[in-house]
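What follows is one structure encoded as structure tokens, with my remarks underneath.
Note that ligands are numbered from 1 as they come in the structure, with each ligand's atoms numbered from 1 the same way.
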Amino acid sequence: MYKQARWDEPVIFDLGREGRRGHIIPDVEEEIKGTVGNTMNLLPEKLRRKKPPSLPELSETEIVRHYTRLSQMNYSVDQGLYPLGSCTMKYNPKINEILARSPSIAMIHPYQDEETVQGILDIMHKLSRWLAEITGTCEVSLQPAAGAHGELLGTLIMRAHHMLNNELEDRTELIIPDAAHGTNPASGTMAGFKVVVVPSDENGCVDLEAITDAVSDRTAGLMLTNPNTLGIFEKDIEEIARIIHGAGGLLYYDGANLNPILGKVRPCDMGFDIVHINIHKTFGTPHGGGGPGAGPIGVSKQLAKFLPVPRIEVDGGKYYLDYDKPHSVGKIRCFYGNVGVLLKAFAYILSLGAEGLEEVAEVSVLNANYLLQKLKEIRGFDIPYAENRPRKHECVFSSDKLYKETGVRALDIAKRILDYGMHSPITYFPLIVKEALMIEPTESYEKEELDRFIDTMRMISDEAYSKPEGVLNAPQNTAILRLDEAKASHPKTMTLSWRMHWKKKG
Ligand SMILES: Cc1ncc(COP(=O)(O)O)c(C=O)c1O
């Protein structure tokens, strides 16, 4: 049985003692005086603090031990299975981290003259061409910092397209299926569209009839995830594209989880005009608590003129930044985007190559279907849609039967898994599934690890039917026991920084 470390660790501010030192920072001004002999002030007086910031004072060993103890109370992709459906928590190769941290890259400043940053411009240009090739799009912008950010940019481009055609006043509606990720309707609304929700049919695909009924001359476009959030491939996608394009709308592809189709099929070949990609999922860069993301978007030829500036262009082997794009929607993020993240994706694609990426797709699909077949035998678990259709990268179960028969909810299952040293799946999403458990194994795990997960789920189901208290009171073996979720996420109780803590304490 797993047991997570449980330290009674104070915050670092409470550990500090006045005068204790970990590192003596050299006096830079004194050093400069010594070398060049003048007394210039590196920082102008008006920019200097009147008194030093109140930072905790600790020795190096105290700091190392503090953070090591905290890390022992945490869980990460480097420890074991992290089957968060739709989040694609795959292994993040360490070599990519080393590359992104190398001084020749990390020390570049975004204000440097483009003459002096030809190397990074070359990398970013190549990456955008590879992403265009992978998605079948014509041009790619690397600027957005997350999937949702890419969605916002994509829907703004949709707007710009209809505006240029003098149709924006009429085309006010964006069609989105009820299985969509929550960011889809949020982004569409932020871009000024009215969201029209269409239901899924009994096969877990978007209902074609409902799309036909929803489409009109008010349609600006459709946002679709394919494979959708149930892990099912929308087999009627070509027909859907015909309906939307026939009505003058555009097709937006939510490519947060591109892993199952890499090298197999391309969104633009399915008929999509705008595609976003979650670099931090598909291309193995850390996310969640592990790092920032990147959500590049690719567009078809007719929409390329709307992409944000600057565009990285090349002329006679020299890269330059082109701001002269009169139809551009402008800037969506400062400078060039999250370059460190993009660099890791560049290394990931380069190291795998075309064949490796295709293998990613195959293994991620194989793993998800292995789990689907094994988990469906577990008492109390049902496959809510199209039981006999293979899934792509993820599968969704309903534990509603288990809930009705034992009182144990999906949330309790998710908590109990933690006691076995694994992360829980996503729960209660997609919203169309009761007591949903959404599981994405990714291609990063061996069969033994998947079998361990299957055995764990079986044990939890057995426990729910025999002595449910163990599941209802889980977790017991983690550093932090069950939280009051509503309280923990309420702005009044949430304390995210030391400053907030002190303010709340009064
Ligand atoms: C299907 C889908 N679309 C969009 C997003 C949004 O991506 P991000 O979290 O990077 O904003 C996610 C993230 O979980 C997702 O799973």
Query raised in the report: Any idea which protein heavy atom is nearest atom 8 (P) of ligand 1, and the distance to it?
Result: Gly147 N, 3.5 Å
Query raised in the report: What atoms in ligand 1 come closer than 4.0 Å to a heavy atom of Thr183?
Result: 4 (C), 5 (C), 6 (C)
Query raised in the report: Which bit of Lys281 gets closer than 4.0 Å to ligand 1, counting heavy atoms only: side chain, backbone, both or neither?
Result: side chain
Requested in this report: Considering heavy atoms of the protein only, find what lies nearest to atom 3 (N) of ligand 1 and give residue, atom and distance to 0.1 Å.
Outcome: Asp254 OD2, 2.6 Å
Query raised in the report: Judged by modelled atom types alone, do Glu151 and Thr183 share a side-chain donor-acceptor pair under 3.5 Å?
Result: yes
Requested in this report: Indicate whether any N or O donor in one side chain lies under 3.5 Å from an N or O acceptor in the other, for Glu234 and Asn228.
Outcome: yes
**Report entry** Nearest-neighbour protein heavy atom for atom 16 (O) of ligand 1, which is reported as residue plus atom name and distance
**Finding:** Ser86 OG, 2.6 Å
Report task. Indicate yes or no: does an N/O atom of His280 lie under 3.5 Å from an N/O atom of ligand 1? Result -> yes
Query raised in the report: Counting each atom of ligand 1 from 1 as listed, which ones have a heavy atom of Ala146 under 4.0 Å away?
Result: 10 (O), 11 (O)
Query - Glu151 near ligand 1 by a heavy-atom separation under 4.0 Å - result: yes
Query raised in the report: Would you say the side-chain atoms of Lys331 and Tyr323 include a donor-acceptor pair closer than 3.5 Å?
Result: no
Query - Side chain Asp382, main chain Pro384, donor-acceptor under 3.5 Å - result: no
Requested in this report: For Tyr252 and Met158, indicate whether the former's side chain and the latter's backbone hold a donor-acceptor pair under 3.5 Å.
Outcome: no
Query raised in the report: Side chain, backbone, both or neither: which part of Ala148 has a heavy atom under 4.0 Å from ligand 1?
Result: both
Query raised in the report: Judging by distance only, is a nitrogen or oxygen of Cys87 under 3.5 angstrom from one on ligand 1?
Result: no
Query - Protein contact of atom 7 (O) of ligand 1 - nearest heavy atom, named by residue and atom, plus distance - result: Asn278 ND2, 3.1 Å
Query raised in the report: With ring centroids as reference points, do Tyr91 and Tyr445 lie under 6.0 angstrom apart?
Result: no
Report task. With heavy atoms of Asn257 as the reference, note each atom of ligand 1 found under 4.0 Å away. Result -> 1 (C), 16 (O)
Query raised in the report: Is the backbone of Leu131 close enough, under 3.5 Å, to the side chain of Thr135 for a donor and an acceptor to pair up by distance?
Result: yes
Query raised in the report: Do side-chain atoms of Asp207 reach the backbone of Asp201 as a donor and acceptor pair under 3.5 angstrom?
Result: no
Query raised in the report: How about Tyr319 and Asp122: does a side-chain donor come under 3.5 Å of a side-chain acceptor?
Result: yes
Requested in this report: May I ask you to check if ligand 1 and Thr225 share an N or O to N or O distance below 3.5 Å?
Outcome: no
